[in-house]
Each structure stands twice: as structure tokens, then as C-alpha cells.
Amino acid sequence: MLSEKALHQLGKVELHCHLDGSLSLPLVRRLAQMAAITVPSSDEALRQLVQAPADAKTLMDYLRPFDFVRPLLQTKEALRLAAYDVLAQAAAENVRYIEVRFAPELSMDQGLTATDTILAVIAGLQDGMAAFDIQAQALICGMRQSRPELSAAIFQVAGPFRGQGVAGADFAGNEADFPPDVLTIASEAAKKAGLPLTFHAGECHCAANVYQAISAGATRIGHGTALFDEPAMVQQLASENVAVELCLTSNLQTKAAASYAEFPYPALAQAGVSLSINTDNRTVSNTTLTREYALFQEHFGLTAADFARINHQAADAAFLADEEKAQLQARLTEDYRPLLAD
Ligand SMILES: O=c1[nH]cnc2c1ncn2[C@@H]1O[C@H](CO)[C@@H](O)[C@H]1O
Ligand SMILES: [Zn+2]
């Protein structure tokens, strides 16, 4: 068993982390002040506003705290501080590389353009990379419930930033009512703009969405929870090298998985699917990446060798240029060498 401290010290790669779901409480207070929004003075009361409700029964219940956060992220300064804040948290738990995702359209209520939001987040990531031992890129989310034409336009604007701070594109939000095949215009636009695609899919007991996402060109799947009892599709992911971004705590909160026993990790690992372990939302899910590792150890028996394998798989699935990917792999090899020595 790895101790809490040993889990904390492991080098990590995180591919699925939402900016707006991962703001630290001190930053929430600071942003609220900047936006002249009154928030409760006790941390406990504030936490209730930014955390998924304990009685959430669906993804849509889980997403409620994002409505509270949205007005806090309407300026370039706020977005820049937010990106820095997430890197500070990730670097503190030895994340070597992270892709931080956000939806430009949710920060355009007060006049920012999509380009403004992207530049502000990139600037915050650069601040974080200068301050901490971490590499980072942004992933641009389209919101499924919005007009696909809006997501298409945002991806078009984001395309030129590929490799200059932007990693790729994603779709988040209401999956049950907006499956991948109603978003064709937007996924085509992402691909045309040169953005590799990951897709939240299989988070609403809807394995068909995973299939649709792959057909739409996704090379990674966010969650994939519904793959639990879909051996044929699991096999397809393995043979097509489609990577799955696992988000364990989040899946229990949204009821994407009814229990640990219904989480697809064992089936995916057994089939050799490329995996990563992720928080999804540090604040909304009230977790850390280290805590997720502890849960994987406790419930699925992962060892240092498993964490090494999964982090190398995550690095391989990262939307990074070959040279940067090789550097990241070398760093992970160094990180895990002392743990894997016989
Ligand atoms: O697990 C999730 N499933 C689907 N959408 C999500 C999840 N977590 C966050 N978001 C959505 O993504 C937006 C951009 O970051 C958030 O505002 C939230 O609405
Ligand atoms: Zn997510």
C-alpha cells in the first residue's frame, strides 16, 4: 500500500479538469469581491454554493454550482487568476502536465470575445508554468445545449492557438439531451480548425454516445462510464487506441456509476484501454487528484506500477507535440524509477 504521502508525491498527468469547477475557496472570495458579488463569510456556507449537492441524482443536479461560479469569471483578469489558481493546486500535488478545460461562451456575458477568454486563460497558464514545476495547456469546451453554430465559431477562433496554449476541443454540459450526433457541425468545425477532439460521453447511462463520439472523430473520451457493461465497445476502444479520461468521484456524485462496483476501470484496464485518472472538478467534486489515486488504490487495488502505466498512457494521450510528449514521458520515467526498482 502506498501511504497518503507517497500517493501525494507520485508524478501525475491530468487530462480532465474543468477550470470553473476547480477554483480554490480563497480565489472564489477574491473573484466575488472583484465582481462585487456578496458571498457568505463562513467557508462552510461558501462551500455549499460551490460544491455538488450531496443529494444530486443526475448530472444536471451536479452541474448546479457552475451557475454560481459563472458571474465570477467574466473578466480577463478573473480568467487569468483562475488558470493560475488551478495550476497552483495541481503543481502542489506533483501534477507534471495538465490540460485545463473551459467554455469560452460561459465567460462572454459582459462583453469578452472568445479570443479574449482564450488569451486570458493562456496568460494564466503561463503565469502558473513560470511559478511552478508544471506544464499546461487549455482545452476549449463547447456546451452541448448551446447552438452548435456557436461552438463551431468558438472552435474556429481557437484553432490558431493550437500548440500555442490550446490543446484541443471538448463538449461538456447536458449529455442526455444533446448526444454527439446533434453536434456534427461543431465537431466538424473543431477538426477543420486543426483541434484534436475529446468528448464527454457515456456519463448518462448512454453507451451509444461513446460510439457516436468516436465516429465524430474523438480520440479521447471523457468519463466513458457507461462502458461498464459494453465489452464489445471496450474492445473497440482498445483496438482503435481511444483513451478514456476516468473521473471516479464525479461519476459517483452524478450517479453515472451507482457504486464503485459499477465503475468501468477493471474492464477497461483488462482490455488494455489507454487510461488517465482525473479530478473532473476539484472544487465541485470536493476532491484532489491525490484523493482520487487513494480511491483507486483502495477500491481497485492499484499499485505504483499501475499508476506508472496509467500516467504513461495519459502522457501518450495528451494533445501535445511529439517532442513535448517525449519530454513528459522521460520525466515520468524518472518519477517512477525509484518506486519500480526491484
Ligand atoms: O462531468 C461533467 N459533465 C458534463 N459537463 C461538465 C462536467 N463537469 C463540468 N461540466 C461543464 O463544463 C463546463 C465548462 O467547464 C462547466 O461550466 C460545466 O457546465
Ligand atoms: Zn468533465
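Computed from heavy atoms alone, side chains included, the values below leave out hydrogens, waters and symmetry copies. In this chain, numbering begins with 1 at the start of the sequence shown. When a ligand or atom number is given, it counts from 1 through the structure's own listing order.
- Counting protein heavy atoms only, atom 6 (C) of ligand 1 is closest to Leu63 CD2, 3.5 Å.
- Taking every heavy atom of both residues into account, Pro71 and Ile37 meet most closely at CB-CD1, 3.7 Å.
- With hydrogens left out, the protein atom closest to atom 11 (C) of ligand 1 is Ala172 CB, 3.8 Å, a heavy atom.
- In terms of modelled atom types and a separation under 3.5 Å, the side chain of Arg220 and the main chain of Ala317 share a donor-acceptor contact.
- Here the protein heavy atom with the shortest distance to atom 17 (O) of ligand 1 is Asp20 OD2, 2.5 Å.
- The atoms of ligand 1 that sit less than 4.0 Å from any heavy atom of Leu59 are 2 (C), 3 (N), 4 (C).
- Note on His200: its N/O/S atom closest to the Zn ion (ligand 2) is NE2.
- Among the atoms of His16, an N, O or S atom falls under 2.8 Å from the Zn ion (ligand 2).
- In this structure, Ser276 and Ala314 approach most closely via the heavy-atom pair CB-CB, 3.6 Å.
- The Zn ion (ligand 2) has no N, O or S atom of His223 inside 2.8 Å of it.
- In this structure, Leu25 is not a member of the same hydrophobic cluster as Phe66, with clusters built from ILVMFWY side-chain heavy atoms closer than 4.5 Å.
- Under 4.0 angstrom from ligand 1, the non-hydrogen atoms of Asp280 all belong to its side chain.
- Residue contact check: Leu106 has heavy atoms under 4.0 Å from atoms 17 (O) of ligand 1.
- At the shortest separation from atom 8 (N) of ligand 1 among protein heavy atoms lies Asn281 ND2, 3.1 Å.
- Look at Asp280 and the Zn ion (ligand 2): an N/O/S atom of the residue is under 2.8 Å from the metal.
- Judged by distance alone, the side chain of His8 and the main-chain N or O of Glu93 form no donor-acceptor pair under 3.5 Å.
- Looking at every heavy atom in both residues, Val284 comes nearest to Tyr62 through CG1-CZ, 3.7 Å.
- Among protein heavy atoms, the minimum distance from atom 5 (N) of ligand 1 is reached at Gly173 N, 2.9 Å.
- The nearest protein atom to atom 3 (N) of ligand 1, hydrogens excluded, is given as Glu203 OE1, 2.8 Å; this is a heavy-atom distance.
- Salt bridge absent: Arg96 and Glu334 never bring a charged side-chain N and a carboxylate O closer than 4.0 Å.
- At the shortest separation from atom 19 (O) of ligand 1 among protein heavy atoms lies Met143 CE, 3.5 Å.
- When every heavy atom of Ala138 is checked against every heavy atom of Leu125, the shortest pair comes out as N-CD1, 3.6 Å.
- A salt bridge links Lys191 with Glu188: the distance from a Lys NZ or Arg NE/NH1/NH2 to an Asp or Glu carboxylate oxygen falls below 4.0 Å.
- When non-hydrogen atoms are compared, ligand 1 lies under 4.0 Å from neither the backbone nor the side chain of Arg70.
- Look at Asp43 and Arg29 and you find a salt bridge, because one of the NZ, NE, NH1 or NH2 atoms lies within 4.0 Å of a carboxylate O, short of that distance.
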